[in-house]
There are 2 protein chains.
Amino acid sequence: MSPKSKPSEIRVGALSKERIIASAIDILNSNGESALTFRALASRLSTGSGAIYWHVADKDALLAAATETVLSRSIAEVASAADPAAALRAIALSVFDTIEAHPWVGTQLAREPWQPAMVEIFERSSAQFAALGVSRDAIFPCVSALAQYLIGTAAQTAAAARHKFSASDRSAVLGTIVEQWTQRDPAQYPFVHLLADQVRNHDEREVFLDGLDMILAGAKATL
Amino acid sequence: MSPKSKPSEIRVGALSKERIIASAIDILNSNGESALTFRALASRLSTGSGAIYWHVADKDALLAAATETVLSRSIAEVASAADPAAALRAIALSVFDTIEAHPWVGTQLAREPWQPAMVEIFERSSAQFAALGVSRDAIFPCVSALAQYLIGTAAQTAAAARHKFSASDRSAVLGTIVEQWTQRDPAQYPFVHLLADQVRNHDEREVFLDGLDMILAGAKATL
DNA sequence: GACATACCTGGAACGATGTTCCAAGAGGGG
DNA sequence: CCCCTCTTGGAACATCGTTCCAGGTATGTC
């Protein structure tokens, strides 16, 4: 179990939850999710795995803490906007950009959607939906839709990033997928063939914003 | 590697990809994702793990095949509707209900969003958006938004199901989460407190449909 | 009917991981 | 100085996914 109170103060080279999480984030960012093992972490901190367990309950807690650190930092940096719709876009984009920069956050968000950092998103989005004029009872469905859309994007971005480790190139990843898709019978899957080029060449950030605007339009319609 | 052609025909007790996948689905449905190991599968099929590997490349392929089996079956059963919007709702609900009945499908969908079964969803949704009058260039953003919303819901439902294994009760799971949320300062998180009851007591299927209708409303707005 | 060959099976063995356990170190108060 | 608590390092354990291979089984050929 973790210390009840700071016994005296920091030994200089001492282990701490903060240092452990920072190292974990470094490993995740530079070498990907599969590189984060307690052995790698221990080696980077010049200690043993047992020492880490004294500060962190288990790997889930470690990942949750790392996610909260990265995500809540970027949410806090969201600039306030005059327009509620613009504010919602800014919040969503902040999450999107964080996940594109740190795909492991997306994996974690998809596996454990009720992360502490999600409360922040929930709160601030609710406020903006309210400012948009959404009635009290309709706020929850709106935030919920937004949250599930964000989580879906998170999962997809994280999956794409995982594939890039083998294919290294984005167009190669999408190319392989589209190739499999278009091997199907064009008569039975006309739209798959029709839209193949867009799947291959779309700008993910732009399509993300398009989808977001659909949800916002739908939210306004429920006023 | 798998057989190139059926050499003659089936030995009665013979192993086959179909039997392996069926057993895997049984294990997943009855004992959850963590229960599916090659040892458990081999024991249920009265064989060794090596034999399974002759029919299935690895665990990812096994999970992908299981997911495709369950998901494409339920998509094929979707009744056709007169109204394109109703048809889209029917498709989405079929996915939603499948995942609620088999939460491991949700996990798999969130980890590997470009599953073969997703092509089916993609194709049929595109057709309905087209029937709705969405212009050719706007179809892809619409299907993409729908897909990400579905994936997000899949991830969330699967996560909830995982938690139920320890808490057993849905209200207990949500109760714990809401309790953590409401421990925060009401002054700083007013909406979290305001909406706590709705988080605890909402009907997930209904909220899912609400979000879906927002996306459809947004799609109609881009006509 | 016997033999060769390609297909298929079972289980031992390997390497890696998360986690637990515990003997020992460090630091401060009596 | 000793004792007690907090902290550390690393060995050890249980499980996994996966690989390997010795053997079994069916089939086509003479």
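Every chain is numbered from 1 and lettered A, B, ... according to where its sequence line falls, protein lines coming before strand lines. All values below were derived from every heavy atom in this structure, side-chain atoms included, with hydrogens, water molecules and symmetry-related copies excluded.
Here the nucleotide nearest the side chain of Lys59(B), chosen from dT9(C), dT18(D), dG10(D), is dT18(D). Here the side chain of Trp54(A) is nearest to one of dT19(C), dT8(D), dG17(D), namely dT8(D). Listed nucleotides dG17(D), dT17(C), dT9(C) differ in distance to Arg39(A); the shortest reach to its side chain belongs to dT17(C).
For the pair Leu15(A) CG and dG10(D) P, the interatomic distance rounds to 13 Å; values are reported in whole Å. Asp58(B) has its CG atom 8 Å from the P atom of dT19(D), to the nearest Å. The CD1 atom of Ile52(A) sits 11 Å away from the P atom of dT19(C) (whole-angstrom rounding). Look at CG on Leu41(B): it is 18 Å from P on dT15(D), rounded to the nearest Å. Atom OH of Tyr53(B) is separated from atom P of dA12(C) by 17 Å (rounded to the nearest Å).
Residues from residues 26-38 of chain A that place a heavy atom under 4.0 Å from any atom of DNA chain C, listed by number: Leu36(A), Thr37(A), Phe38(A).
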Side-chain atoms of residues 114-122 of chain A: list all donor-acceptor pairs with protein atoms under 3.5 Å, sequence neighbours left out, distances to 0.1 Å.
residue	atom	partner	partner atom	Å
Glu120(A)	OE1	Tyr189(B)	OH	3.1
Glu120(A)	OE2	Tyr189(B)	OH	3.0

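Screening Arg89(A), Met214(A), Glu204(A) against Leu209(A) for a side-chain contact (heavy atoms from CB on, under 4.5 Å) leaves a single residue, Arg89(A).
The residue Ser43(A) sits apart from the nucleic acid: no heavy atom pair falls under 4.0 Å.
Distance alone, capped at 3.5 Å, is enough to place a donor-acceptor pair between the Glu123(A) side chain and the Val192(B) backbone. Not one N or O on the side chain of His193(A) forms a donor-acceptor pair closer than 3.5 Å with the backbone of Pro190(A).
Residues Gly50(B) and Ala51(A) both approach DNA chain C. Their nearest nucleotides, taken by heavy-atom distance, put Gly50(B) toward the 5′ side.
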Hey, mind stepping through His55(B) and Glu18(B) against side-chain hydrogen bond (donor to acceptor under 3.5 Å, both in side chains) and telling me if it holds?
CA-CA 9 Å; His55(B) 297 272; Glu18(B) 290 72 25; over 6 Å; no
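Remark: Glu179(A) pairs with no residue by the salt bridge (charged side-chain N to carboxylate O under 4.0 Å, His left out) rule, at least two apart or across chains.
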